[in-house]
Structure formats: structure tokens, C-alpha cells
Enquirer: 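One structure, as C-alpha cells, below. Some questions next.
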Amino acid sequence: MIEKFPTGIEGLDRLTDGGFLRGSAYIVQGPPGAGKTILANQFCYAHVRAGGRALYMTLLAESSSRMLGYVSQMGFFEGGALPDAMQYISGYGVLEREGLPGLLKLVQHEIKRHRATAMVLDGTFVAQSVASEQEFRAFIHALQGVAGVANAVLVMLTHQNRRASCPEHTMVDGWIELSDETQGFRAYRTIQVRKHRGAAILPGRHRFRITQAGIAVFPRVEDSMSVAAPARADAHRLTSGLDELDGVLRGGFPAGSAAMLVGPTGSGKTTLGMHFLARSSVQEPGLMLGFYETPARLRQKARCVGLDLDTPIESGTLELVWLPPADNVVDELVHDIVRRARARQVKRVFVDGLVAIRDSLVIPRRMPYVINALSMQLAALGATALYTSEIPELRLEETLMPSDELSAMVDNVLLLNTGRRDQALRRYLSVIKLRDSDFDPRTHEFHITDSGIVFGPDAKILLPRKAG
């Protein structure tokens, strides 16, 4: 079995089924500024930390000291690796004087001299500019052979947008493409493993970001998250935090299920979610992800309706996570929720604002599959999830069944609606779906007081009419 070297980027290792194959050559392609140099350096330093030896050869006019000035600011940089385990050299002068044959000899010599098990050749497009297509293909083929003989990984960086049919892509063992893309005013980065011999890759494009720590890759959750059997017992129920609602649900939410609370603004979705979270305990730890209200604002809101979130938060049985509804990487967000839930063995999860998740997706039609992947992961951990989803206000005579794909991807759907009657705003709750379970199908009126949600008409608006 061929040894694999981790790339130093967890998400990229998942895309490549474990990393780069020893004795193989790879092309990393992308426009200037896409992150190729950072990716290559991050791999080199991870390789050195694992006990390997790395060599970085540049064909660009940029000096090694200038590159080091940038790389030294990254979190993965280790100055102690220089110049023994990690070494930078330039091949620009040799290429200019002796062409591709001289450069090939230099690569062979330096790999042997440094005893490198990993090498980066930065600026491969420069080598192509000094030779014919036939000479360049022969050069790439020879480099593939050098990697094999040295039993090392060779990573070649180029900014040229070469077609998939170009001969060099058939010669190398792997081909990774980085892209800078825009959608309207929105900019984002993607990575795609187009080829990797002997590995079960995750195909298609995946988001990544560049931070001070280096490159972070986020595989698409619907393709990368393994499916595990739900750890729930059908007979077990988790209280909603409201006795009346538990009665409607015939005992509460089925443990390990996913429920969607749909309704217009002001219908009580977040308040119902806070009732659910207020029951967090040592036996049933809770986790909330919100986008529109900070933890401080949410705690104050809970106090105003007589709910105590302060005690479980301060005891560590409830965690509130807030993300501004900006350009979040949804795959990163989902992996983070699952990581937090697994670390604390969470049993109650409340995600307030699926609209914010949908708006962060570059491809909105992924939404049902993303939420399905998240729900399945949480179910495997034995966690019960509640999501809120915004819809326009419905007239009471309208059909109450939400028909979008998202509602089909969750186990339970509860509709919270508002309407005006007798010159007063009233709130209503209907259970649309409770998978594999009986429930009360009637519509129930409720109101929100300083003691939280109360089922039944609001006594304050039941005023006697004056006699005619």
C-alpha cells in the first residue's frame, strides 16, 4: 500500500482521501492570489512536523527572503525548521541560462542533496514559457519520474488556466484547482480535486477560506458527512418545555428527531425555542445557534417572558453561539455545530434562523440536503433539533401545509401563525407533521405573557361587548 502524506489541511485530506501519495506528482492550478503558495507552504511545514524533509524551489523572480517574510506571518510557520528540514531555493537563474534540461538536473540534484521527501516547484508556467509544448510535456513527464525515483511528493504550482484535456494533466498523479469566484457583489473561494490516482476523492467544488492560520477547506456536508444509525429509541420523548404542547405532541418531541418551526415574524418561534432550551440540564445539555440576536439580547428577552436561560448557561449545560448573518461558509458552520454537540454530548439543539443559512449558500438549492445532513448527524448523537424558518403570514382559510423541499427533509413540522380577529392580534399553532407518531391535529390558539407561552385565548382581549 502506497504511503500517504497528510497535506496539513484537514479538509483537503478529506477531499483527497488522506493526502498526497508518496512518489507521486501533483499540479495545483489557480489564478494569482488564489492561495497556491500558502497551500504549498502549509503542506511543507506539516510534512516537516511529521518528520519529513521539504524543499521549496521557486521559478519566480520573487526572492526567497521576500516569500519568507510573508510565510513567517502564518500560523503554520516554524522558523526552527529552517534551513535543515525545510529549505528554500531559486531555480530562476538556471532556467534562464540552461532551459528545461538544466532545471531538470537542478531538481534531481537538490532532491538528492537535501534528501527531500516533499518538494514544491512554484511557477511551473514560467518553465512552459521558455519551451515548446512538446518540450514542456517531456519536462512534466520527466518530473513525474523524478518523484517516483526519489519516492517523494512533488507539487507543481501554476496560475495558467489549462484545459482538462491538456497532456500534462494525464501525466501527473493528481490535479487540484483553486478558484476565485464572484456572484454579484459576493466573492468566495473554491477548491476542486479534479484527479487523484488511487484515491476515493470527494468530487465537485468545495468552499475554502484563507486565515492567519492558513488555508481551511470545508467539504460539502451532504457529501462528506458519514451516515450513522440514529441513536434514538422511538418510545423516548423530549419535553418541549410546555406541558400543553407536550400534550398536543402526545408526550413531546421524539428523541433524536428534527423539527421545523415555520411561521411569520412575531409568531412566537424563538420564544418556543427558548422554552425548549430552558429545559437544558446535565442529563440533557443544550446548544443554540442564532444569527439575529446576541447571547446578551437573547438572555434579556428570555427574562422578559419569565424564562430562565441564565442558570443553565452559567452552569455550563447550555451554550449559546451567535454568528452575524453575513457571508458564513455553511459547511464550516454545520461541522462546527456537530463538533460542539459531540464534545458536550448535547441532547437539545436549537437553530434560530434557517433563512440566514440559506442566504449564505452560494447555491441555495443545497439547503434541504445541508439541513438533512445536519439532522442525521445530530440524530446519530441522540440530539433533538429544532429549526426556525420564516414564511409570510397565512390567512386562516389558506391551506396550512408548507410544501417546500425543506419541510420534507425534517421529521416534524409545526406551523405558528398570526391573524387578526376582533381587532386583536392572535397566535395559532398547528402540528403539520410528526413522523411515525400520533398527534393532536387541531389548531390551538396561544399567547405570550410575562410567564412565557400560554395556550388558550388571551384574557386581556376577551372584553365584553356593549349591549346594543
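Both backbone and side-chain heavy atoms feed into the values below; hydrogens, waters and symmetry mates do not. One is the number of the first residue; the rest follow in order along the sequence.
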Enquirer: Can you check whether Ile9's main-chain N or O pairs, donor with acceptor, with Arg14's side chain at less than 3.5 Å?
Expert: no
Enquirer: Is Val71 close to Phe76 at the side-chain level, that is, under 4.5 Å between some pair of heavy atoms?
Expert: yes
Enquirer: Has the side chain of Arg53 got a donor or acceptor atom that lies under 3.5 Å from a matching backbone atom of His114?
Expert: yes
Enquirer: Taking the side chain as every heavy atom from C-beta outward, state whether Ile38 and Ile210 have any atom pair closer than 4.5 Å.
Expert: yes
Enquirer: How far apart are the closest heavy atoms of Gly256 and Thr384, and which atoms are they?
Expert: N-OG1, 2.9 Å
Enquirer: What are the two closest non-hydrogen atoms of Gly286 and Ser280, and how far apart are they?
Expert: CA-OG, 3.4 Å
Enquirer: What's the spacing between Leu55 CG and Lys112 NZ if we round to 0.5 Å?
Expert: 15.0 Å
Enquirer: Looking only at heavy atoms, which two atoms of Leu354 and Met367 are closest? And how far apart?
Expert: O-CE, 3.2 Å
Enquirer: Which is it for Thr388 and Phe350 under the side-chain contact (heavy atoms from CB on, under 4.5 Å) test, yes or no, and what are the steps along the way?
Expert: CA-CA 8 Å; Thr388 65; Phe350 179 44; 3.4 Å; yes
Enquirer: What heavy-atom pair brings Leu106 and Ser90 nearest, and what distance separates the two atoms?
Expert: CD2-O, 4.3 Å
Enquirer: Hydrogens and angles aside, do Tyr88 and Asp122 bring a side-chain donor and acceptor to less than 3.5 Å of each other?
Expert: no
Enquirer: For a 4.5 angstrom cut-off between non-hydrogen side-chain atoms, does Glu110 reach Met57?
Expert: yes
Enquirer: Just wondering, do Leu374 and Val338 contact through their side chains at under 4.5 Å, heavy atoms?
Expert: yes
Enquirer: Taking the basic N atoms (NZ, or NE/NH1/NH2) and the acidic carboxylate oxygens, is any pair closer than 4.0 Å for Glu390 and Lys269?
Expert: yes
Enquirer: Determine whether Ile357 and Tyr387 satisfy the following criterion, side-chain contact (heavy atoms from CB on, under 4.5 Å), listing intermediate values before the conclusion.
Expert: CA-CA 11 Å; Ile357 295 179; Tyr387 309 110; over 6 Å; no
Enquirer: Only pairs at least two apart or in different chains count here, so list each ring pair (Phe, Tyr, Trp, His ring centres under 6.0 Å) that has a residue in residues 257-293.
Expert: none
Enquirer: Hey, are the side chains of Val155 and Leu39 touching, using non-hydrogen atoms and a 4.5 Å cut-off?
Expert: no
Enquirer: Identify the heavy atoms of Ser257 and Asp411 that sit nearest to each other, and give their distance.
Expert: CA-OD2, 3.3 Å
Enquirer: Nearest 0.5 Å please: distance from the NE2 atom of His47 over to the CZ atom of Phe5.
Expert: 4.5 Å
Enquirer: What pairs meet the ring pair (Phe, Tyr, Trp, His ring centres under 6.0 Å) rule with one or both residues in residues 197-223, with sequence neighbours excluded?
Expert: none
Enquirer: Between Tyr45 and Met74, is a side-chain contact (heavy atoms from CB on, under 4.5 Å) present by the stated rule, with each step listed?
Expert: CA-CA 11 Å; Tyr45 283 100; Met74 308 301 294; over 6 Å; no
Enquirer: Within this structure, what is the CG-OG distance for the pair Leu416 and Ser389, rounded to the nearest 0.5 Å?
Expert: 11.5 Å
Enquirer: Using 0.5 Å steps for rounding, measure from the CG atom of Leu104 to the CG atom of Leu143.
Expert: 6.0 Å
Enquirer: Is it the case that the side chain of Gln300 and the backbone of Ala296 share a donor-acceptor pair, with hydrogens and angles ignored and the cut-off at 3.5 Å?
Expert: no
Enquirer: Would you indicate whether Arg186, at its atom CZ, is surrounded by more than 12 heavy atoms from other residues, nucleotides or ligands within a distance under 6.0 Å?
Expert: yes
Enquirer: Any donor-acceptor pair under 3.5 Å linking the side chain of Thr317 with the backbone of Pro312?
Expert: yes
Enquirer: Using a 6.0 Å cut-off, check whether atom CD1 of Ile2 has over 12 heavy atoms from anything other than its own residue.
Expert: no
Enquirer: Dump the intermediate steps for side-chain contact (heavy atoms from CB on, under 4.5 Å) on Leu323 and Leu333, then the final yes or no.
Expert: CA-CA 9 Å; Leu323 289 174; Leu333 180 154; 3.7 Å; yes
Enquirer: Are any of the side-chain heavy atoms of Lys433 and Asn412 separated by less than 4.5 Å?
Expert: no
Enquirer: Just checking Gln345: does its CD atom have more than 12 heavy atoms from other residues, nucleotides or ligands closer to it than 6.0 angstrom?
Expert: yes
Enquirer: Surrounding CD of Gln134 (heavy atoms of other residues, nucleotides or ligands, distance under 6.0 Å), is the total greater than 12?
Expert: no
Enquirer: Within the side chain of Gln144, is there an N or O that forms a donor-acceptor pair under 3.5 Å with the backbone of Ile140?
Expert: no
Enquirer: Any chance you could measure Phe136, atom CZ, to Ser129, atom OG, to the nearest 0.5 Å?
Expert: 9.5 Å
Enquirer: Regarding Asp223 and Arg366, does a basic nitrogen lie under 4.0 Å from an acidic carboxylate oxygen?
Expert: no
Enquirer: If we only count heavy atoms from C-beta on, is the Phe139 to Leu103 side-chain gap below 4.5 Å?
Expert: yes
Enquirer: Taking side chain to side chain contact (heavy atoms under 4.5 Å, CB included) as the criterion, tell me which of Leu361, Asp336, Val221, Val217 meets it with Asp331.
Expert: Val221
Enquirer: So, Arg220 side chain and Pro203 main chain: donor-acceptor pair closer than 3.5 Å or not?
Expert: yes
Enquirer: Please name all residues satisfying ring pair (Phe, Tyr, Trp, His ring centres under 6.0 Å) with Phe253, sequence neighbours left out, ordered by chain then number.
Expert: none
Enquirer: Indicate yes or no for a side-chain donor-acceptor contact from Asp173 to the backbone of Ala25 under 3.5 Å, with no hydrogens or angles considered.
Expert: yes
Enquirer: Give a yes or no answer on whether the side chain of Arg22 reaches the backbone of Asn151 with a donor-acceptor pair at less than 3.5 Å.
Expert: yes
Enquirer: Is the number of heavy atoms from other residues, nucleotides or ligands within 6.0 Å of OH (Tyr188) greater than 12?
Expert: yes
Enquirer: Could you tell me whether a side-chain N or O of Gln42 sits under 3.5 Å from a main-chain N or O of Ile215, the two making a donor and an acceptor?
Expert: yes
Enquirer: Thinking salt bridges, do Lys105 and Glu98 make one under a 4.0 Å N-O criterion?
Expert: no
Enquirer: Atom CG of Leu157 and atom CG of Leu121: how far apart are they, to the nearest 0.5 Å?
Expert: 7.5 Å
Enquirer: When you measure from the side chain of Lys36 to the backbone N and O of Glu177, does any donor-acceptor pair fall under 3.5 Å?
Expert: no
Enquirer: Do the side chains of Tyr26 and His196 get nearer than 4.5 Å, heavy atoms only?
Expert: yes
Enquirer: For the pair Asp13 and Lys4, find out whether any cationic side-chain nitrogen is under 4.0 Å from an anionic carboxylate oxygen.
Expert: no
Enquirer: Parallel under 30°, tilted from 30 to 60°, perpendicular over 60°: which one fits the rings of Phe43 and Phe20?
Expert: perpendicular
Enquirer: Locate the shortest heavy-atom distance separating Leu378 from Ala385; write the atom from each residue and the value.
Expert: CD1-CB, 3.9 Å
Enquirer: Does Arg66, at its CZ atom, have more than 12 non-hydrogen atoms belonging to other residues, nucleotides or ligands within less than 6.0 Å?
Expert: no
